[in-house]
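One structure is given below, encoded as structure tokens.
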Protein chains: 2
Amino acid sequence: MLVVSLMRLGDQEERLRKQFPDVAFEFYKHPSVLPREVQEKMDILISYHAEVDEEFIESSPNLKWIAWYATGVNTLPFKLINQKGIQVTNAKGVHAQQLSEFLFAFILDDYKQLKEVYKEQEQQIYNSKRTTQSIENQVILFLGTGVIAKRAAQVAKVFGMKTIGINTSGRKVDQFDQTFLLRERATIYQEADIIVNLLPETKETYHLLTSEDFKAMNAHTLFINIGRGTITKEDTIVSALKNKWIRKAYLDVFEKEPLNDNSELYDIDNVYLTSHITGNGENNKSKATDIFINNLKSFLNKKPLIENLVDIDKGY
Amino acid sequence: MLVVSLMRLGDQEERLRKQFPDVAFEFYKHPSVLPREVQEKMDILISYHAEVDEEFIESSPNLKWIAWYATGVNTLPFKLINQKGIQVTNAKGVHAQQLSEFLFAFILDDYKQLKEVYKEQEQQIYNSKRTTQSIENQVILFLGTGVIAKRAAQVAKVFGMKTIGINTSGRKVDQFDQTFLLRERATIYQEADIIVNLLPETKETYHLLTSEDFKAMNAHTLFINIGRGTITKEDTIVSALKNKWIRKAYLDVFEKEPLNDNSELYDIDNVYLTSHITGNGENNKSKATDIFINNLKSFLNKKPLIENLVDIDKGY
């Protein structure tokens with residue numbers, strides 16, 4: 001049994017070798033240095049790289065399982081993977097804590113006016129009259145009700161916020177006061193003070209949010225995208241912010257990444273940009289390896305993969 | 001029965017007059033415009049002003065109850081108030097939500113490196129390699145375990161943090177994993193990644209934190225003061241930050257307020273200053289009036305004040 005990782009896993013390498021002495025592990029720094037003969041023999045692949053495309057899959061005749069060390073699997077060639085009967089697991093949940101922390105960092109940065117406050121510090125202004133709005137009773141609408149949204153909604157509830165979730169089936173989900181169908185979203189926008197995108201990239205969600213969506217939102221809406229940048233065209237979010245269809249946005253993901261130096265987003269006042277970092281965390285590799293180990297135990301016992309199996313038809 | 005407020009209460013004035021038609025209410029913009037003859041007749045005083053000193057109390061012969069619309073009562077002349085048999089209630093709890101929001105705004109601003117991130121935005125740098133530390137499993141130590149600390153600790157628990165509380169009796173308090181005595185604090189500092197002061201100002205807490213305290217803390221400690229500035233001398237916190245006994249501080253309160261323009265704190269890199277604003281909130285007057293109404297009902301029925309009665313011996 002040969003497991004190949006297209007990235008180094010630090011102290012997780014020793015952990016895996018110790019726990020599975022009968023399995024061969026090979027760790028490479030990057031997909032480009034994977035020897036052809038190893039690729040042809042590998043049974044299991046650990047990766048999160050765009051290099052895992054149709055050609056790569058065709059050149060991996062023995063591959064049975066891709067253990068994806070990220071949550072978004074949208075770059076994978078699902079049709080071919082399906083044909084070959086390859087299973088895919090992902091790292092769903094690993095980033096929920098970090099993303100929730102960043103989400104509330106953004107929300108509180110805005111509501112507590114930290115940027116304005118620290119401008120006063122620079123100017124040695126002592127202004128004890130400043131009053132900031134509380135997030136208590138504010139309505140936060142999540143596009144997506146997966147693991148990350150649930151974790152974030154749990155924090156929102158403790159802060160006394162009202163939580164609304166939107167998903168493809170409209171099913172009820174723990175931590176959300178109300179849930180609605182994706183196609184009902186335009187009727188719900190007016191309820192929301194804060195709108196957070198956490199939808200995966202699928203055929204259904206690609207360029208889902210149009211000008212009509214942003215125009216239907218409240219003018220005071222704070223929009224936060226920590227899901228996938230392709231939820232809307234860059235032009236559309238630029239228009240929404242320039243025309244004040246919404247008040248402000250915090251964006252960690254973009255239609256095209258890395259964000260182009262000439263992007264109009266750099267010229268807008270009411271937007272704050274981060275570089276697809278909100279899921280990054282020191283413990284991500286260790287958490288993703290926890291999931292991998294659980295699954296590997298099952299796999300070696302010829303049982304089904306038990307954790308974070310990706311539904312290849314749905315694409316998440 | 002005459003109730004006098006030394007501040008205007010907006011729509012709360014109408015609310016009080018409607019609910020208590022048999023009580024006379026007088027609302028003034030400021031203590032300085034209170035007519036002497038009104039002061040001599042008033043039974044109940046609503047205020048949070050430093051002007052309520054010994055002379056003021058001596059000139060209010062009919063006063064039975066001070067309804068303090070703030071939490072910190074340290075400016076009140078307690079000895080005289082005690083002699084005169086005047087009761088004091090405060091607005092404890094009213095600010096818990098706002099203070100908890102600011103506390104996590106500060107913590108997440110630091111842990112999620114927002115200042116560094118937005119410097120990159122200004123320079124159009126797209127740095128997707130940035131990894132930030134999670135607050136999960138971080139140990140947060142609260143000096144004080146009152147209403148505000150409990151509310152903040154509740155949020156900390158949901159974020160997966162470990163909570164330690166320090167109070168005068170060492171008694172166990174809900175939301176704290178462990179509690180210790182104030183005098184045991186030096187032995188606990190090493191456990192803490194974040195230390196938050198929320199102690200009231202009393203004889204016991206005045207200048208409580210000395211150089212020895214800050215030297216006993218971890219060098220990576222994030223110190224946040226949203227309690228009272230007099231917990232430490234300004235010189236002491238300046239030394240702690242300059243000498244890197246602690247890593248960084250967010251300070252909302254100061255030994256002398258307003259903070260002096262010449263304060264050395266303005267010249268230090270690893271400190272962020274706000275202007276005693278973390279308790280400010282649009283709904284504070286309405287929440288403090290909720291407490292006042294509960295108490296006024298009891299008072300009119302010649303029953304004891306039931307909510308937020310200040311222990312005049314303890315001073316909080």
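Side chains are part of it too, since the values below use all heavy atoms of this structure and drop only hydrogens, waters and symmetry mates. Order of the sequence lines sets the chain letters (A, B, ...), proteins ahead of strands, with each chain counted from 1.
Between E136(A) and R151(B), no side-chain nitrogen of the basic residue sits less than 4.0 Å from a carboxylate oxygen of the acidic one, so the salt-bridge criterion is not met.
Atom NZ of K115(A) sits in a crowded spot, with more than 12 heavy atoms from other residues, nucleotides or ligands closer than 6.0 Å. Around CG of D267(A), the count of heavy atoms belonging to other residues, nucleotides or ligands within 6.0 Å exceeds 12. The number of heavy-atom neighbours closer than 6.0 Å to NZ of K287(B), taken from other residues, nucleotides and ligands shown, is above 12. When the shell of 6.0 Å around NZ of K150(A) is examined, it contains 12 or fewer heavy atoms from other residues, nucleotides or ligands.
Note: Q124(B) CD to N262(A) CG = 8.0 Å, rounded to the nearest 0.5 Å. Distance check: S100(A) OG to L108(B) CG gives 10.5 Å after rounding to the nearest 0.5 Å. We find the CD-CZ distance between E101(A) and F104(B) to be 10.0 Å, quoted to the nearest 0.5 Å. One distance of note links NE2 of H276(B) with OH of Y126(A); it measures 6.5 Å at 0.5 Å rounding. In this structure, OG on S275(A) lies 12.0 Å from NZ on K129(B), to the nearest 0.5 angstrom.
Within the 4.5 Å cutoff, the side chain of F102(A) has heavy atoms near those of the L114(B) side chain.
Between chain B and the residues I277(A), L273(A), D109(A), the most heavy-atom pairs under 4.5 angstrom are made by L273(A). Note on L259(A), T132(A), T278(A), I125(A): by heavy-atom pairs under 4.5 Å with chain B, the leading option is T132(A). Taking chain B as the reference chain and counting heavy-atom pairs below 4.5 Å, the highest number among D261(A), N284(A), L265(A) is found for D261(A). Residue with the most contacts toward chain A among Q154(B), E257(B), Q98(B): Q98(B) (heavy-atom pairs, distance under 4.5 Å). Most heavy-atom pairs under 4.5 Å with chain B: of the set V117(A), N283(A), N127(A), this distinction falls to N127(A).
When heavy atoms are compared at a cutoff of 4.5 Å, K157(B) does not approach chain A at all. Contact annotation for E122(A): neither backbone nor side-chain heavy atoms come within less than 4.5 Å of a heavy atom of chain B. For I135(B), the parts lying near chain A are the backbone and the side chain together; criterion is any non-hydrogen pair under 4.5 Å. Using a 4.5 Å cut-off between heavy atoms, I107(B) does not touch chain A at all.
For an aromatic pair to be called close, the ring centres must be under 6.0 Å apart, and Y118(B) with Y272(A) satisfies this.
Proximity to chain B among residues 248-255 of chain A is limited to Y250(A), F254(A), judged by heavy-atom separations below 4.5 angstrom.
In this structure, F159(A) and Q97(B) approach most closely via the heavy-atom pair O-NE2, 3.0 Å.
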